[in-house]
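Take a look at the structure set out below.
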Amino acid sequence: MNWSFQLYSARNFQPWEGVLATLGKLGYTQVEGFGGVYENPKTFRAELDKNGLSMPTGHFSIDALEKDFDGVRRIAEALGIKLLICPYLVAEDRPSDAAGWRGFGERLAKVGEAASKAGHGFAWHNHDFEFKALPDGSVPQDHILSSAPGIGWEMDLAWVVRGGADPLPWIEKHGKRIVAVHVKDIARPGEGLDEDGWSDVGHGTIDWAGLIKLLRARSAAEYFVMEQDNPNDIERFARRSIATVKNY
């Protein structure tokens with residue numbers, strides 16, 4: 001498999017030239033972009049090429065996708081991004097009821113149509129808030145997916161767990177829409193205290209060996225992206241994580 005790496009994990013470990021060199025030496029072949037690497041896409045693409053890396057997926061804010069899609073498209077084309085991903089909705093913009101979340105899903109559906117016309121795939125990336133029950137007992141993720149039936153899902157499985165949900169029924173129900181997966185781990189009790197409770201992949205509490213097997217069988221996931229939101233040692237996280245998943 002072509003294991004990928006979400007560059008957001010390395011935002012505090014500059015310069016990017018050193019990060020990309022490390023990832024290439026460790027055996028990664030892909031990376032996933034985010035806003036912090038899009039300032040000079042041609043220069044960044046050259047660094048990727050130098051280290052044997054490609055960037056098939058990238059995160060773009062809902063504001064950029066809705067208000068400057070041409071700019072997003074130009075960045076994506078320069079970097080070779082095939083799958084555009086909307087990664088987040090800030091707390092103050094999150095709807096408080098089912099109707100509001102259905103409306104947000106409809107907004108994502110329109111972005112998906114624009115992406116398709118431009119020759120790109122499009123997906124939503126979850127955190128934990130999409131699995132918190134609304135006043136009527138439903139959850140936002142159901143409304144997002146049902147209101148935007150044509151878009152994919154980049155499943156951040158650890159955030160599903162932190163949201164209080166069991167990922168297995170979601171994989172069973174929506175597997176064919178899961179086009180990418182964030183491979184991250186939750187630290188054991190008492191560990192990862194200075195890393196926001198996250199862990200190197202395979203060194204925490206999530207059964208990644210079983211889940212990757214299930215995802216291969218039941219999902220459409222093409223990209224498996226290593227991520228840790230706040231690592232204290234980027235080389236250690238990248239090295240131990242890819243060593244773990246290569247055994248799967």
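Basis for what follows: all heavy atoms, side chains included, without hydrogens, waters or symmetry-related copies.
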Kindly say whether [Y] contributes a backbone atom to a donor-acceptor pair with the side chain of [X] at under 3.5 angstrom?
X    : Y    : value
S9   : D229 : no
S219 : A221 : yes
D185 : G204 : yes

Exercise. Going by distance alone, is a donor N or O of one side chain under 3.5 Å from an acceptor N or O of the other, for E32 and H182?
Worked result: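 E32 vs H182: donor-acceptor pair found between side chains.
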Using 0.5 Å steps for rounding, measure from the [atom1] atom of [X] to the [atom2] atom of [Y].
X    : Y    : atom1 : atom2 : value
F237 : M226 : CZ    : CE    : 7.0 Å
R240 : Q228 : CZ    : CD    : 11.0 Å
Q141 : F129 : CD    : CZ    : 9.0 Å
L48  : S54  : CG    : OG    : 8.0 Å
W101 : S147 : CH2   : OG    : 11.5 Å
T57  : L79  : OG1   : CG    : 11.0 Å

Problem set entry | Salt-bridge criterion met for E195 and R236 (N-O under 4.0 Å) |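 Judged by the 4.0 Å cut-off on N to carboxylate O distance, E195 and R236 do form a salt bridge.
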Exercise. With a 4.0 Å cut-off, would you call D200 and R239 a salt bridge?
Worked result: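 No, this pair does not count.
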Determine the minimum heavy-atom distance between [X] and [Y], stating which atoms define it.
X    : Y    : answer
L26  : A238 : CD1-CB, 3.7 Å
L84  : A76  : CD2-CB, 3.8 Å
C86  : L65  : CB-CD1, 3.7 Å
Q6   : Y8   : OE1-N, 2.8 Å
P95  : L89  : CD-CD2, 4.0 Å
S241 : Y28  : CB-OH, 4.2 Å

Could I get the full list of salt bridge (charged side-chain N to carboxylate O under 4.0 Å, His left out) partners for [X], not counting sequence neighbours?
X    : answer
R11  : none
K173 : D142
E113 : none
K50  : E47

For this session: Using the side chain to side chain contact (heavy atoms under 4.5 Å, CB included) rule, take D233 and F13 through it: C-alpha gap first, then chi angles, then the decisive distance, then the call.
Result: CA-CA 9 Å; D233 183 330; F13 297 90; 5.6 Å; no
With sequence neighbours left out, what residues match [X] under side chain to side chain contact (heavy atoms under 4.5 Å, CB included)?
X    : value
D49  : R45
D136 : A98, L134, S138
E191 : A187, R188
K246 : W3, I242

Just list the side-chain donor-acceptor pairs under 3.5 Å for residues 115-124, sequence neighbours left out, or say none.
unit_1: H120; atom_1: ND1; unit_2: I81; atom_2: O; d: 3.1
unit_1: W124; atom_1: NE1; unit_2: E130; atom_2: OE2; d: 3.3

For this session: Please list all pairs passing the ring-ring contact (aromatic ring centres under 6.0 Å, His included) test where one or both residues lie in residues 191-217, with sequence neighbours left out.
Result: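 Qualifying pairs: W159-W198.
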For this session: For residues 87-111, pull every pair meeting salt bridge (Lys or Arg N to Asp or Glu O under 4.0 Å), keeping only residues two or more places apart or in separate chains.
Result: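 Matches after skipping sequence neighbours: E66-R107.
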Exercise. Does anything in residues 77-90 pair up under salt bridge (Lys or Arg N to Asp or Glu O under 4.0 Å), and if so which pairs, sequence neighbours excluded?
Worked result: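 Found R73-E77.
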For this session: Could you please spell out the steps behind the side-chain hydrogen bond (donor to acceptor under 3.5 Å, both in side chains) verdict for Q14 and W16?
Result: CA-CA 5 Å; Q14 300 301 294; W16 287 117; 2.9 Å; yes
Beyond-backbone contact of [X] with [Y], side-chain heavy atoms, under 4.5 angstrom:
X    : Y    : result
W153 : V179 : no
V183 : E227 : no
D156 : K184 : yes
V37  : M55  : yes

Do [X] and [Y] sit in one hydrophobic cluster, given that two such residues count as connected whenever their side-chain heavy atoms are within less than 4.5 Å of each other, even indirectly?
X    : Y    : result
I151 : I62  : yes
I171 : V225 : no
L108 : L83  : no
L168 : L145 : yes
W170 : I85  : no

Exercise. Does the ring center of F34 lie less than 6.0 Å from the ring center of F60?
Worked result: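 No: the rings miss the under 6.0 Å criterion.
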Exercise. Can you list the steps and then say if N232 with D194 is a side-chain hydrogen bond (donor to acceptor under 3.5 Å, both in side chains)?
Worked result: CA-CA 7 Å; N232 57 26; D194 64 339; 3.0 Å; yes
For this session: Please test Q30 against L53 for side chain to side chain contact (heavy atoms under 4.5 Å, CB included), starting from the C-alpha separation and ending with a verdict.
Result: CA-CA 5 Å; Q30 299 176 348; L53 299 166; over 6 Å; no
Exercise. So H59 and H125, would you call those rings parallel, tilted or perpendicular, with 30° and 60° as cut-offs?
Worked result: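 Tilted.
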Problem set entry | Reference residue F224; test side-chain contact (heavy atoms from CB on, under 4.5 Å); the match among V181, N2, V201 |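 For F224, the side-chain contact (heavy atoms from CB on, under 4.5 Å) check succeeds only for V181.
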Exercise. Can you check side chain to side chain contact (heavy atoms under 4.5 Å, CB included) on L20 and L7, steps first, answer last?
Worked result: CA-CA 9 Å; L20 298 179; L7 292 175; 4.1 Å; yes
